[in-house]
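Note sheet for the following structure.
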Amino acid sequence: YQVFVAFVFAGTSAGAVTILSSVPSAALSFFLPALTPLTWQFFRQGDDLGVAMGTMIVIFLGTLLFAVRHLHATTVESLHLQFTRLGLLDRLTTQTMDLENTNAALQEEIAKHQQTEQALRESEVLYRSLFEHSLDAILLTSPDGRIFSVNPAASHMFGRTVEEMCRAGRDACVDNTDPRLDIFLRQRANSGSYRGELNYKRKDGSVFPCEFSSVTFTDKTGSKRAVNIIRDITERKQAEETLRKAHEELEQRVQERTAELQVANQQLTAEVTERQRAEAEERARREAEKRAASEKQRARILRFAALGLSVL
């Protein structure tokens, strides 16, 4: 009967371990009152069975207390891990949201960057197309006269290859005897741009007039650069010269014709004056003849009248 009761208490105590392990002092308060009297009874019997049962209960009690302590530590650690996990989950959730927001911002930034790169590529293609197919010469230079790049129209205009022009520089392409060159360089240095006319020279040394515009700028490396757009105006100058000569010839002819007209007008005026004088003389002669005839008629009448009186 005592052995059966011992096993009942042992089972009950073992079952209470999981419930009371969260509070070790409560487990100890339960185990000691429950198992101590029975253990004491076994040891009081003094026989081998009693001592064995009492020893087993003491060992079982120690095992239960160790299990309670271990389970309590495990539970505490588990709870700590759970709370830590919850904190980590919160942090992970927060960081995930932050990462998602950052990723979205990065995606948007990447999209904008890609759009910018696409726009830059399209712009570069456009300007490269304008550079390559322009009928005017385009030169990328530095203010000190170095040439970095030229388009095909410039190469054709100056009769040089791109490499030759880049090696030769400004002095080989501009007529340095043109007095307007110093004005151009000074004005561009002061205002950053200039538009005007200059004489340029080809590889064969021939000089030709050009209309140009030049603008300085700072590139991405911080270096000063200049873009020069040059147009050969030889045909226009020739047309202007032809027009000027035609205008001068017309002016000469007008002056000659005016002189001829002035001479003719003077002659006509003289003729008119002479004719007016002749007409005046003719009118005076006729008036004199009329007066003479009138005097003769009057004298005749007077004679007839005198004769009539004498007859009477």
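From a predicted model like this one, the values you see are computed outputs, not experimental measurements. When a residue number appears, it is its place in the shown sequence, counting from 1.
Every ring-ring contact (aromatic ring centres under 6.0 Å, His included) that Y200 has, sequence neighbours left out, goes to F158. With sequence neighbours left out, the side-chain hydrogen bond (donor to acceptor under 3.5 Å, both in side chains) criterion links S206 to R202, D204. Residues satisfying the salt bridge (charged side-chain N to carboxylate O under 4.0 Å, His left out) test with R231, not counting sequence neighbours, are D136. Among residues two or more places apart in sequence or in another chain, the side-chain hydrogen bond (donor to acceptor under 3.5 Å, both in side chains) test is passed with R253 by none.
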What verdict does the side-chain contact (heavy atoms from CB on, under 4.5 Å) test give for C210 and I230, after you've listed the backbone C-alpha separation in whole Å, the side-chain angles of each residue and the deciding distance to 0.1 Å? CA-CA 6 Å; C210 289; I230 304 170; 3.6 Å; yes
Given the rule in the side-chain contact (heavy atoms from CB on, under 4.5 Å) test, do L181 and N176 qualify, once you have shown the distances and angles that lead to the verdict? CA-CA 7 Å; L181 177 60; N176 293 319; 3.6 Å; yes
Given S142 and F148, is the side-chain contact (heavy atoms from CB on, under 4.5 Å) satisfied, shown in steps? CA-CA 8 Å; S142 64; F148 300 106; 3.6 Å; yes
The test is side-chain contact (heavy atoms from CB on, under 4.5 Å); show your working for T161 and M165 and say whether it passes. CA-CA 6 Å; T161 64; M165 292 192 67; over 6 Å; no
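Of the options R277, R285, R283, a side chain to side chain donor-acceptor pair (under 3.5 Å) to E281 is made by R277 and by none of the others.
Ion pairing between E271 and R275 fails under the 4.0 Å rule for side-chain N and carboxylate O. The residues D219 and R225 are annotated as salt-bridged, a charged nitrogen and a carboxylate oxygen being separated by less than 4.0 angstrom. Checked for salt-bridge contact, E211 and R195 miss the test: no charged N lies under 4.0 Å from a carboxylate O.
Remark: the backbone N or O of S129 is paired with a side-chain donor or acceptor of H133 at under 3.5 angstrom. Side chain of T234 to backbone of F208: no donor-acceptor contact under 3.5 angstrom is found. A donor-acceptor contact shorter than 3.5 Å links the side chain of S191 to the backbone of Q187. With hydrogens and angles disregarded, a donor-acceptor distance shorter than 3.5 Å links the side chain of T269 to the backbone of N265. At least one donor-acceptor pair under 3.5 Å links the side chain of N101 to the backbone N or O of M97. Side-chain atoms of N151 never come within 3.5 Å of backbone atoms of E132 as a donor-acceptor pair (strictly under, hydrogens ignored).
Counting only heavy atoms from C-beta outward, the side chains of I183 and R186 approach each other to under 4.5 Å. Here the side chains of R146 and C166 are not in contact, with every heavy-atom distance at 4.5 Å or above. Side-chain atoms of N199 and R180, non-hydrogen and from C-beta on, do get closer than 4.5 Å to each other. Here the side chains of R170 and L185 are in contact, with some heavy-atom distance below 4.5 Å.
For the 3.5 Å distance criterion, the side chains of N228 and T141 qualify, holding a donor opposite an acceptor. Judged by distance alone, the side chains of E248 and Q252 never bring a donor and an acceptor atom under 3.5 Å apart. Looking only at atom types and distance, the side chain of E251 has no donor-acceptor partner in the side chain of Q255 under 3.5 Å away.
Heavy atoms of other residues, nucleotides or ligands lying less than 6.0 angstrom from CD of E235 number 12 at most. For R244, the CZ atom counts as densely surrounded, since its 6.0 Å shell holds more than 12 non-hydrogen atoms of other residues, nucleotides or ligands.
Note on F184: it clusters hydrophobically with V174, by side-chain heavy-atom contacts below 4.5 Å among ILVMFWY residues.
The hydrophobic cluster around L126 extends to Y127, L130, counting ILVMFWY residues whose side-chain heavy atoms fall within less than 4.5 Å of a member.
Contacts classified as salt bridge (charged side-chain N to carboxylate O under 4.0 Å, His left out) and involving residues 92-110 (residues at least two apart or in different chains) are given here: E108-K112.
Residue A226 comes nearest to F217 through the heavy atom pair N-CE2, 4.0 Å, listed as atom of the first residue, atom of the second, then distance.
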